[in-house]
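Single-structure report; data block below.
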Protein chains: 2
Amino acid sequence: MAVTIRDVARRAHVSVATVSRALTSPELVRPETRSRVLAAATELGYQPNRAARGLITGKTGNIGIVVPDLDNPFFTGVLKAVQARAMQADYAVFVADSDEDPVTEAKLVHAMAKQVDGVVLCAPGLEDSQIYEVAGATSLVLLNRRLPGVPAALMDSAGGMHAVIDHLVALGHRRIAYLNGPRTSWSNQERRRGLLSAVAQHDVDLVDLGPFAPRYEGGLQAADLAVAADTTAIVAYNDIMALGVLARLRDRGITVPGDVSVTGFDDLTYAALCSPALTTVAMPVAQAGRTAVNLLLDWLDSDNTEVPQIVAETQLIVRGTTTPPRR
Amino acid sequence: MAVTIRDVARRAHVSVATVSRALTSPELVRPETRSRVLAAATELGYQPNRAARGLITGKTGNIGIVVPDLDNPFFTGVLKAVQARAMQADYAVFVADSDEDPVTEAKLVHAMAKQVDGVVLCAPGLEDSQIYEVAGATSLVLLNRRLPGVPAALMDSAGGMHAVIDHLVALGHRRIAYLNGPRTSWSNQERRRGLLSAVAQHDVDLVDLGPFAPRYEGGLQAADLAVAADTTAIVAYNDIMALGVLARLRDRGITVPGDVSVTGFDDLTYAALCSPALTTVAMPVAQAGRTAVNLLLDWLDSDNTEVPQIVAETQLIVRGTTTPPRR
DNA sequence: AGAAAAACCGTAAACGTTTTCGAGCGCCAG
DNA sequence: CTGGCGCTCGAAAACGTTTACGGTTTTTCT
């Protein structure tokens, strides 16, 4: 059916071993025969069977990525970068969606383990111990989750949140609401950490609300609580919640940013497109995705002695939803 | 290293052949020994090596999907469904992003061909002939592109567009602008087809503008042309363009839907979230994704005699950007 | 020129499965 | 009692590669 290494060998008048060498370690064969082999290979349109190769080398040439939700632009941004970088390095990528469920998350990386050289696990909801457990099944690099002993591509969301508070304080806000995302999520903890550190050095009142579902509906619900708390600025856990907040405020006749300032987090595309455009912090998803596969690839051919955790910088994007408070 | 079929065989005191049979075709082995094998397998945590299996069976247990842009929620919606359905059927899925480039598109399916049992090709920009060419490399099912002889999962976007015009005409609009997407794209042709058929039976003036880039910026540009043409309704090729139109109109002080009605297409999440919420047509992306892999799976074990092309219904979602014209 | 070293390449084993073939066995019919 | 059949299972070949090992040729050195 398909063209095999034997066909190439026959056509080039060499053994299969030579063909293999000519393709994978060219320095081991005389230039003349090598070009003969290469010619035969391209003429026949030969592509090595990766399964067979993997069987003997133990490497598959594949990597996996498991994300909590493929409908979330945040993760697809990561995915896009991972895919691109992997392709560059001649790796193919398996994708799986855990639907935010920790147990399928674990199941998925176990299922992938046999077919990949490593997997990047995005923002897992797993317990620390469970992560260590799945890390035993394959090479793992985390994205948006820090854990001692396992390499990770991180984003400085704490720093981003710090910048948000600095920005609001500079505008003159002194009473600020934070709308928490899921309490147990590592992201929320990080964002909150940056928030608290900034608040501590600025002498402002923090109204800590939630947790809320990190969705549009969560924002709708949270908005009322924030205005009831008489704050002049509302810091949402993420953009989608912020959009909910904006919608609810508009419905109630509260103008943004006139009556109250609002910030999001993530800089999803629609943050720039809604009106007024949302002040938010941009996450370097593409960069993180790229470094995640870089880490994985490095990890694969190295003595695994050091465990790099690379954090990429976030960036505050000031748009139309933040101004000085009314008075 | 990993636990192999031989380990299981040893522990169950049978041959490797029996283990294989017990796992893949249970009816061929005595129930008693089968349970002994199963016990041994689970005790050891045995998972068959799919590469080795694929080597002999010729099936990989993988499917591939190539999309034009992973940042586009439309395609990730498809991807999510494809992934879910594939997982259900115990298939793993490779994903690749062509970056809207037809030649990488072809290259990608060729590269995948060896590692998958089939690929679903989403909204390809390839010429018909090139599609037939890549279809030779592996089992192919198209999504959002119809081509004689190759199975496809389609969505009735023509019907959706027809519904849009019916809706606008019912509201009283008689002069309508259509903002074309890329001329050569199958999607634009389909939408335009539905548009023209509706226009023909309604006696309205159609102002055919473009093509424009199917992006926010394209909408900004198109908006001015549409108002210059003195239309009372603007039908955009897709939601993102519609958002651009809304932004540009707002900047110019033209109110929506008061002065002019606007419609989008695709029903991406932000269509519901912007304000006023966008009237648009919902594409059954999840359903299409599912049927795409169903088609692929059916195709794989059947006599390939019939070539099903299944079209899923679209649905007009009336929201806040459409009302009767001012006078 | 002769020997040692290096360069090149072929033979065959190995990777972990599935599957063909046939052996052993019990059973039933003739 | 014999022949045949059905059931269960083991031995071994096969899938398409890579790679250890050895053999042959070429180069290098004296």
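First the proteins, then the strands, lettered A, B, ... as listed; each starts at 1. All figures in this text were calculated on a predicted structure; none of them were measured in a lab.
- The residue among B:A52 and B:E27 whose nearest nucleotide of DNA chain D lies closer to the 5′ end is B:E27.
- With C:dG16, C:dT18, D:dT18 as the candidates, the nucleotide lying closest to the side chain of A:T24 is D:dT18.
- Here A:S20 lies in heavy-atom contact (under 4.0 Å) with a base.
- Going from atom CZ of B:R10 over to atom P of C:dG16 covers 11 Å, rounded to whole Å.
- Checked against side-chain contact (heavy atoms from CB on, under 4.5 Å), B:D99 has the following partners two or more places apart in sequence or in another chain: A:K80, B:D97.
- Using a 4.0 Å heavy-atom cutoff across all strands shown, A:R50 reaches no nucleic acid atom at all.
- The interatomic distance linking B:Q47 (CD) with C:dT17 (C1') rounds to 15 Å, in whole Å.
- OP1 or OP2 of C:dG10 has at least one side-chain nitrogen or oxygen of A:T18 nearer than 4.0 Å.
- Within 6.0 Å of CD in B:E127 there are 12 or fewer heavy atoms belonging to other residues, nucleotides or ligands.
- Distance, A:Q115 CD to C:dG16 P: 16 Å, rounded to whole Å.
- Of the candidates D:dC15, D:dT17, C:dC15, the closest approach to any side-chain atom of B:L55 belongs to D:dC15.
- Nearest nucleotide to the side chain of A:V14, out of C:dG10, C:dG16, C:dT19: C:dG10.
- Remark: P of D:dT18 and CZ of A:R21 are 11 Å apart, rounded to the nearest angstrom.
- Within a 6.0 Å sphere centred on CD of A:E27, heavy atoms belonging to other residues, nucleotides or ligands number more than 12.
- Rounded to whole Å, atom P of C:dC8 lies 14 Å from atom CZ of A:R36.
- In terms of phosphate contacts, A:R53 brings no side-chain nitrogen or oxygen within less than 4.0 Å of OP1 or OP2 of D:dG16.
- The side chain of B:T33 places an N or O atom within less than 4.0 Å of a non-bridging phosphate oxygen (OP1 or OP2) of D:dC9.
- Checking C:dT19, C:dT17, C:dG10 against the side-chain heavy atoms of B:I5 singles out C:dT17 as nearest.
- The side chain of A:T4 places an N or O atom within less than 4.0 Å of a non-bridging phosphate oxygen (OP1 or OP2) of D:dT17.
- Projected onto DNA chain C by closest heavy-atom contact, B:A17 and B:A51 fall at different nucleotides, the more 5' of which corresponds to B:A51.
- A salt bridge is absent between A:K107 and A:D101: the closest approach of a Lys/Arg side-chain nitrogen to an acidic carboxylate oxygen does not fall below 4.0 angstrom.
- Distances shorter than 4.0 Å separate some side-chain N or O of B:R30 from OP1 or OP2 on D:dC9.
- Rounding to whole angstrom units, CG of residue A:L23 and P of D:dT19 are separated by 13 Å.
- Between the C1' atom of C:dT20 and the CD1 atom of B:I56 lies a distance of 10 Å, rounded to the nearest Å.
- Note: NE2 (B:H13) to C1' (D:dC9) measures 16 Å, nearest angstrom.
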